[in-house]
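The structure appears below as structure tokens.
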Number of protein chains: 2
Amino acid sequence: MTTAHRASGEARPGGRTARTRQAVLAAVFEELGHGGPAALSMERVAQRSGIHLATLYRRWRCAEGLVCDLLNGLSADVPLPDTGTLPGDLRALARSIGAFYADERIRSLIEAVVSAAARDPQAATVLRDFFSERLTLAGQMVVRAVERGELPPDTDPEAVMAALGAPFYYRILIARGPVDAALAESTATAVWVAARAGAYRRTEPHNGAPRDGR
Amino acid sequence: MTTAHRASGEARPGGRTARTRQAVLAAVFEELGHGGPAALSMERVAQRSGIHLATLYRRWRCAEGLVCDLLNGLSADVPLPDTGTLPGDLRALARSIGAFYADERIRSLIEAVVSAAARDPQAATVLRDFFSERLTLAGQMVVRAVERGELPPDTDPEAVMAALGAPFYYRILIARGPVDAALAESTATAVWVAARAGAYRRTEPHNGAPRDGR
DNA sequence: AGACTAACGCGAGCAACTTCGCGTTAGTTC
DNA sequence: GAACTAACGCGAAGTTGCTCGCGTTAGTCT
């Protein structure tokens, strides 16, 4: 991987390099709030940040690199709850995600990164790795639930967390509407009920049919 | 809306216009299979289709217009089942969707359209309207289920269908993996169980907490 | 404090993408 | 079948986006 698309960790963390990076990423974030991903051009970021255009191309190679770098700075902004029960955890996490994506700039960033991934293989890797890591972390919530006996022992933690996230990204990328509280509540309820029923077990129920169970 | 991004319906449907459109859209589809959305350029489509570059720009204005036009041609490729029970319908539809997205060119097309929507407001409108329409149609399946008494009467049909689709788009756009049969089965089961439990009711359960119900 | 190195500013230059004007071809109409 | 019109082919011109070389500045090391 070249200098573009890398995580953080500059050679000289405390100096001018970090300062310009800060200025540029802040400018990208602001630009995302003014017209969404469509308005994001290297030229405008250069003007807003006060950093020269050539410098942007040198360090980030293209606009895709910019949004990828910004994404990686967001890692810890959605806290992972531990309420003691899985339905409680799911609801808390769903609400956090909902609150997170209430900010249009964050939605635009997701849009921009997904769009970047469609054009640039490096951006695709960054995107996949970012969410894969988050999924594994959040999966601990499910692992605890299995240990407490709330879920079938062969439940796939990452499948559960993917199911929790999916409706939000559908709303953002496909339905293209705002993320509201109702979506968070609905999703939390749905995932909890489905997980308890064994929908996310690694080995599907042997009969192969959706279990009725009424 | 200009000539670009429009649905079908040419002024001279049976002539050269339709023939070139066919050639161009076929070329776009083939290109999507050779390197994904990143490889899609006006130049390459022109070469593959044998249609002159200037003609592409005249009729579709840009690459975004191309993929939008292609998307609209896919409307009827996923059949809507009517098996007599909602779990049966959900499973059949999930399998159809899974089979549909097993084709990498279709996945690339979705990626390309979502990416286009991030940059071009007209493409965003096409994308939203396309899925909105499909969602309403598929929602009839849920309406029938409500009439049969399988679901709470205030269940939101479109919310159910969005929940059925969401995991596939998460897989394609975020996790960036192949769509397999396990995903279809898991999703069908999850949505059925969740819908039956009232997760997709228009008015959330009054206590506001995920219903435990054990 | 002075030498050293990495990053930045600057403008010119290159390349890719997009558009335009004009002549030609195909399809429609009477 | 002959006039008419819309779409297409073609090449050139125009525009935008990106890169390069060089001089300068900021931060680091001894």
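A note on names: the letters A, B, ... follow the listed sequences, proteins ahead of strands, and every chain is numbered from 1.
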### Message
Quick test of your reading of the model: are D89(B) and R144(B) salt-bridged, counting only N-O distances below 4.0 Å?
### Response
yes

#### Entry: dC8(C) OP1/OP2 closer than 4.0 Å to side-chain N/O of T20(A)
yes

### Query
Hey, are R59(B) and D69(B) close enough for a salt bridge, meaning a charged N less than 4.0 Å from a carboxylate O?
no

### Message
Measure CZ/R19(B) against C1'/dG9(D) and give the value in whole Å, please.
### Response
15 Å

### Task
Give a yes or no on whether E30(B) atom CD has more than 12 heavy-atom contacts from other residues, nucleotides or ligands under 6.0 Å away.
yes

### Query
Listed in order of residue number, which residues of residues 39-56 of chain B have a non-hydrogen atom at under 4.0 Å from DNA chain D?
G50(B), I51(B), H52(B), A54(B), T55(B)

### Rounded interatomic separation in angstrom, taking CZ from R16(B) and P from dT28(C)
11 Å

### Message
Would you say the rings of Y170(B) and F168(A) are close, in the sense that their centroids are separated by under 6.0 Å?
### Response
no

### Query
More than 12 foreign heavy atoms under 6.0 Å from CD of E133(B): is that the case here?
no

### Task
Calculate the interatomic distance between E64(B) atom CD and dC17(C) atom P; express it in whole Å.
13 Å

### Task
Would you indicate which nucleotide in dG21(D), dT25(C), dT25(D) comes nearest to any side-chain atom of R58(A)?
dG21(D)

### Task
Using distance alone, with no hydrogens and no angle criterion, decide if S115(B) and R119(B) have a side-chain donor and acceptor under 3.5 Å apart.
yes

### Message
Can you tell me if R61(A) touches the phosphate of dT19(D), counting only side-chain N or O atoms and a distance under 4.0 Å to OP1 or OP2?
### Response
no

